S.K.: 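Quick one: the structure is below, questions incoming.
For clarity, every value in this text was computed on a predicted model and none was experimentally measured.
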Amino acid sequence: LILAPWVSTTTPPIVLEAAFLFRVLSALRAGTLGEASGLALFHSLAVQQQVIALTVQQLSQFGFDQFQKFTMTEMRSKLESESYAPRLRQLTLHPDYRLIRHLEGRFAPKNTDADNKALIAKIIRGAMQFRGMKPPRNNFDILNRNVPNCLLGSPGRFGRPDFELSLVAHFIKGKDFADPESGLFRGQRQKLQRQAQALEASWRTSPAIRDLLQGVDAAANELHNPPEIFAATFRRMRRVGIPHATYHAGEDFRHLIGGMRAIYEAISFLDLGKGDRIGHATAAGISPWLWLERVGDRVLSTKRDLLDDLVFAWSLLRHMPEHVASTEELVFRIANASVDLFDREVSAPLLLAAWRMRRLDLLEILVPGRFDDPDWGSFDLWRRRTEREARHLTQSMSGTTGGAELLLIQEALLNQPAAFALHLETMKRWESGRGSETCEVHANYLPAGALLALQNALLTEIVKRGMAIEALPTSNLRISYYRDFHEHHLFRWLGLAPETPLSVKPDIVVGTDDTGIFATNLKIEFALIADTLRQHFNLAEREVGAHLSLLNRTAASFRFRPRKTNSRSYYT
């Protein structure tokens with residue numbers, strides 16, 4: 001009685017829902033709504049409200065852990081399991097679907113080549129349907145041809161004429177439950193190794209995947225994994241031919257210095273450079289004075305993280321004469337912290353050189369019996385023996401993936417044997433749980449001025465490498481330390497915070513993070529930025545337009561474009 005007479009068992013669910021609402025609301029307007037229909041409407045709305053509460057982060061909820069709970073509900077899986085076309089229409093808004101020119105689709109790499117191909121074929125099929133094209137039914141026919149031109153910037157039946165799609169392999173950070181105290185993340189490294197191997201096979205055997213897969217990424221809770229465990233995976237993907245990378249870092253951190261260190265580690269350990277991006281980078285933008293005000297007097301850290309933070313801060317501040325007092329304080333703290341971890345005092349320069357070796361593939365270094373424990377009493381003997389082992393291994397594995405990593409290990413060992421020995425010792429101490437103890441740290445052990453200097457030094461490195469930062473305003477507002485949108489670090493990067501100025505302006509692209517959970521899209525993000533520029537910073541309309549245009553042009557410059565095949569499309 002409630003639905004239209006033409007409804008059948010084959011009618012799509014969304015059409016059924018529309019018909020139901022139309023009939024019930026029409027009866028309500030006419031004053032003829034019966035009790036059964038009224039109860040049906042009530043229960044329908046109650047279910048919708050519950051679904052929204054389970055998929056969209058509410059205004060009363062904040063913090064990364066809260067956000068991550070929503071990513072684990074799998075409430076959106078049914079929509080995506082059927083087709084990606086509805087998701088694309090959702091992102092591009094109105095029925096003409098002309099909002100977005102370039103879309104980067106992130107997917108989590110699987111453990112097998114077959115699973116990767118099944119997922120990517122489903123994405124391509126959905127994208128073709130979104131563009132009004134008829135895709136083949138067979139995955140083989142999709143993956144073993146070049147991608148149709150309608151996904152590479154040529155016109156389709158729907159959407160912008162210049163719409164283009166690219167894919168980014170999204171390696172997920174996660175806790176290593178197999179050995180949570182060691183800090184080596186062996187299980188997570190092995191998982192990444194399997195995923196990289198499977199993705200390499202998919203890339204090499206599918207023209208369509210080579211056309212679209214243009215970047216790698218790593219995201220999720222950065223407190224679960226440091227950047228270094230992704231280094232070998234990112235290098236492998238570069239060798240395969242995937243040209244770009246982005247990495248989410250400096251979003252969630254215990255101490256501001258630790259957040260900046262995570263950004264620096266991602267840049268240096270993952271060899272990021274021209275055309276690559278860093279996601280969030282809140283630690284490189286938030287006002288140090290605001291952070292110190294909001295975080296409280298003390299923060300918690302592990303002893304090994306504290307030593308790394310001290311060494312990182314010292315490495316940048318030592319070149320700044322105006323911060324000599326802070327540098328001397330750091331040297332004193334490093335000496336004490338090194339005794340706590342190594343039972344002896346280790347110099348800051350040696351600790352720095354060993355820290356930089358975190359980019360090496362630890363799975364190759366810690367193969368049982370490969371390298372003996374460092375013998376500091378007979379160091380030359382240990383060095384000669386270890387160098388012979390490294391040369392032999394490199395020659396025996398030449399031309400293989402492991403051989404490429406062993407070459408890096410050999411180079412580090414030959415050039416800086418003492419640093420390599422300390423790195424090896426550090427990893428073995430971590431494996432035994434040394435340094436995993438929690439300690440309290442005064443938030444202001446470096447003054448705000450020194451923290452500002454660290455931010456400028458970090459941004460200088462990003463600019464020097466030709467990289468951009470992904471600013472994700474709504475996400476950062478809900479997860480970070482901010483209470484109002486005008487506090488967001490984007491405006492410091494734009495040079496609009498005269499009370500806490502930065503001397504470096506990085507290239508910025510605006511993104512949405514997870515559009516479903518934050519109930520936003522790119523148009524909303526730009527609208528929020530524009531409104532804040534007008535209302536809080538009192539900019540004229542011409543200045544507002546100039547800022548938005550710059551952000552849009554920068555995004556176009558740093559997008560991971562799909563490969564132009566210039567081939568005839570096989571599809572109709």
S.K.: Given side chains that start at C-beta, do those of L496 and L533 come closer than 4.5 Å, heavy atoms only?
M.R.: yes
S.K.: Could you tell me which residues satisfy ring pair (Phe, Tyr, Trp, His ring centres under 6.0 Å) with H255, sequence neighbours excluded, listed by chain and number?
M.R.: W291, Y445
S.K.: Check whether the side chains of D507 and T554 place a donor and an acceptor atom closer than 3.5 Å, and report yes or no.
M.R.: no
S.K.: Do the ring centers of F171 and F230 come within less than 6.0 Å of each other?
M.R.: no
S.K.: Can you sort out the partners of D372 under salt bridge (charged side-chain N to carboxylate O under 4.0 Å, His left out), two or more places apart, ordered by chain and number?
M.R.: R385
S.K.: List, one per line, each side-chain donor-acceptor pair under 3.5 Å for residues 294-301, sequence neighbours excluded.
M.R.:
from	atom 1	to	atom 2	distance (Å)
R294	NH1	Y481	O	2.8
R294	NH1	E487	OE1	3.2
R294	NH2	E487	OE2	2.8
R298	NH1	E440	OE1	2.8

S.K.: Under the salt bridge (charged side-chain N to carboxylate O under 4.0 Å, His left out) definition, can you give me all pairs with a residue in residues 272-289, not counting sequence neighbours?
M.R.: E104-R277, R238-D276, R277-E470
S.K.: So, does E222 use its side chain to make a donor-acceptor pair with the main chain of G250 at under 3.5 Å?
M.R.: yes
S.K.: Any side-chain to backbone donor/acceptor pair from K173 onto H248? Under 3.5 Å, distance only.
M.R.: yes
S.K.: What are the two closest heavy atoms between I365 and F371, and how far apart are they?
M.R.: O-CD1, 3.4 Å
S.K.: Using the test ring pair (Phe, Tyr, Trp, His ring centres under 6.0 Å), find all partners of F485 that sit at least two apart in sequence or belong to another chain.
M.R.: F491
S.K.: Take D305 and R261 through the test salt bridge (charged side-chain N to carboxylate O under 4.0 Å, His left out) and record every step on the way to the result.
M.R.: CA-CA 10 Å; D305 282 339; R261 175 170 62 85; 3.6 Å; yes
S.K.: Would you say the side-chain atoms of N456 pair up with the backbone N or O of S503, donor to acceptor, closer than 3.5 Å?
M.R.: yes
S.K.: Given the rule in the ring-ring contact (aromatic ring centres under 6.0 Å, His included) test, do H224 and F185 qualify, once you have shown the distances and angles that lead to the verdict?
M.R.: CA-CA 9 Å; H224 290 166; F185 304 96; 9.5 Å; no
S.K.: Could you tell me whether the side chain of R465 and the main chain of I267 form a donor-acceptor pair under 3.5 Å?
M.R.: yes
S.K.: Taking the side chain as everything from C-beta on, heavy atoms only, tell me whether L341 gets closer than 4.5 Å to W430.
M.R.: yes
S.K.: Taking C-beta and beyond as the side chain, do R370 and L366 meet within less than 4.5 Å on heavy atoms?
M.R.: no
S.K.: Among all residues two or more places apart in sequence or in another chain, which pass the ring pair (Phe, Tyr, Trp, His ring centres under 6.0 Å) test with W382?
M.R.: F379
S.K.: Check whether any side-chain N or O of R434 sits under 3.5 Å from a backbone N or O of D340 as a donor-acceptor pair, and report yes or no.
M.R.: yes
S.K.: Are side-chain heavy atoms of F420 and I409 found at a separation under 4.5 Å?
M.R.: yes
S.K.: Quick one: list whatever passes salt bridge (charged side-chain N to carboxylate O under 4.0 Å, His left out) with R429, sequence neighbours left out.
M.R.: D343, E425
S.K.: Could I get the full list of side-chain hydrogen bond (donor to acceptor under 3.5 Å, both in side chains) partners for E431, not counting sequence neighbours?
M.R.: R186
S.K.: Under a 3.5 Å distance rule, please check whether Q455 uses its side chain to pair with a backbone N or O of A283 as donor and acceptor.
M.R.: yes
S.K.: With D271, which residues qualify under salt bridge (charged side-chain N to carboxylate O under 4.0 Å, His left out), at least two apart?
M.R.: R359
S.K.: Taking side-chain hydrogen bond (donor to acceptor under 3.5 Å, both in side chains) as the test, write out the residues that go with R304, two or more places apart.
M.R.: none
S.K.: Which residues pass the side-chain hydrogen bond (donor to acceptor under 3.5 Å, both in side chains) test with R194, not counting sequence neighbours?
M.R.: none
S.K.: Is the shortest side-chain heavy-atom distance between Q214 and P243 below 4.5 Å?
M.R.: yes
S.K.: Under a 3.5 Å distance rule, please check whether D484 uses its side chain to pair with a backbone N or O of H486 as donor and acceptor.
M.R.: no
S.K.: Are N476 and H488 packed together at the side-chain level, in the sense that at least one heavy-atom pair is separated by less than 4.5 angstrom?
M.R.: yes
S.K.: Using the ring pair (Phe, Tyr, Trp, His ring centres under 6.0 Å) criterion, which residues pair with F269? Sequence neighbours excluded.
M.R.: W355
S.K.: Quick one: are L454 and L317 in side-chain contact, heavy atoms under 4.5 Å?
M.R.: yes
S.K.: Does R235 reach the side chain of E405, with side-chain heavy atoms less than 4.5 Å apart?
M.R.: yes
